[in-house]
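Report on the structure given below.
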Amino acid sequence: MKVYVVSGSSNVGKTNILHRLAILMNGLRGTYRRDATISAVPPSRIPFGADRQYLFEELATGRKIGISTAGDDWEVIDGAFDFFAKNNCDVGFVASKSSGRSIDEIEIRSQAIHVTPVYFWFTWAVNGSRSRNQVQLDTAKILEAVI
C-alpha cells in the first residue's frame, strides 16, 4: 500500500484538495469506478469542506484508491487508516496538519503496515495570476498523476 498525506496548517485547503481529487477521479469515465456504497452523493454535489471518504477502483489495474478528506485530528487519521484497511486499498490519501499528534499517528499506523508515507506539504501563498480554487484543482491533478 502507498499512503499519500496532504499536509499543512489549518485552513490552507487540504480537505478541498482531496475533495477536488475525488471530483476529478469521478469525472474520468473509463478510468476509475467509484464505490457508490461509500457515499450516495456524487463528489461533484458535496459541498467543499465536507469531510467524506471515497473509494475508487482503477479499471485498468483493479487497484483500489481510498480518499479520506478529513484528518486534522489523530482519531480521524486512525479512522482513515481503518477505512483503507477495511477496503483493501492499494493507495490511500489523507489530510493532516503538518505537526503534532496527527503526524505521529500517521507514522505509527504506516509503520504497522510497513509503508513509508509520502507527504505533500501544502501552504497557501497569494499569487495574483491564479485563484485559490485553481491552485487546489492543479494540486488535485498532480495527486491524481502520482497514483
Discussion item. Within this structure, what is the CD-OG1 distance for the pair Gln134 and Thr139, rounded to the nearest 0.5 Å?
Written reply: 9.5 Å
Worksheet item: Would you say Val146 and Ile67 are hydrophobically clustered, going by side-chain heavy atoms of ILVMFWY under 4.5 Å?
Response: yes
Discussion item. Main chain of Ser7, side chain of Ser98: is a donor-acceptor contact present, judged purely on distance under 3.5 Å?
Written reply: no
Fill in: Asn16 CG to Leu21 CG distance, which is reported to the nearest 0.5 Å
12.5 Å
Discussion item. Can you tell me how the ring of Phe56 sits relative to the ring of Tyr32, calling it parallel under 30°, perpendicular over 60° and tilted otherwise?
Written reply: perpendicular
Worksheet item: Would Ile77 and Trp121 show up in the same hydrophobic cluster when neighbours are defined by side-chain heavy atoms closer than 4.5 Å?
Response: yes
Discussion item. In this structure, would Leu137 and Phe120 fall into the same cluster of hydrophobic residues linked by side-chain contacts under 4.5 Å?
Written reply: no
Worksheet item: Do Trp74 and Val94 belong together in a cluster built from hydrophobic side chains that touch within less than 4.5 Å?
Response: no
Worksheet item: Hey, any chance Val76 and Phe93 share a hydrophobic cluster, counting ILVMFWY side chains that come within less than 4.5 Å of each other, even indirectly?
Response: no
Fill in: From CD (Gln53) to OG (Ser68), nearest 0.5 Å
4.0 Å
Discussion item. Within this structure, what is the NZ-CE distance for the pair Lys64 and Met1, rounded to the nearest 0.5 Å?
Written reply: 12.0 Å
Response to the item:
Correct closest heavy-atom pair for Ala95 and Lys14 would be CB-CB, 3.9 Å
Worksheet item: From Ile147 CD1 over to Ile65 CD1, what is the distance, rounded to the nearest 0.5 angstrom?
Response: 5.0 Å
Discussion item. Ignoring hydrogens, what is the shortest heavy-atom contact between Ser10 and Lys97? Give both atom names and the distance.
Written reply: OG-CE, 3.4 Å
Listing, residues 108-115 side-chain donor-acceptor contacts under 3.5 Å, not counting sequence neighbours, or none:
from: Arg109; atom 1: NH1; to: Asp78; atom 2: O; distance (Å): 3.3
from: Arg109; atom 1: NH1; to: Asp78; atom 2: OD1; distance (Å): 2.7
from: Arg109; atom 1: NH1; to: Asp82; atom 2: OD1; distance (Å): 3.3
from: Arg109; atom 1: NH2; to: Asp82; atom 2: OD1; distance (Å): 2.7
from: Ser110; atom 1: OG; to: Ile106; atom 2: O; distance (Å): 2.7

Practice prompt. Can you see which heavy atom on Cys89 is nearest to which on Leu55, and at what distance?
Written response: SG-CD1, 3.7 Å
Discussion item. Show every salt bridge (charged side-chain N to carboxylate O under 4.0 Å, His left out) that has at least one partner inside residues 137-147, sequence neighbours left out.
Written reply: Arg130-Asp138
Fill in: Approximate separation, where rounding is to 0.5 Å, of Leu18 CG and Tyr4 OH
13.0 Å
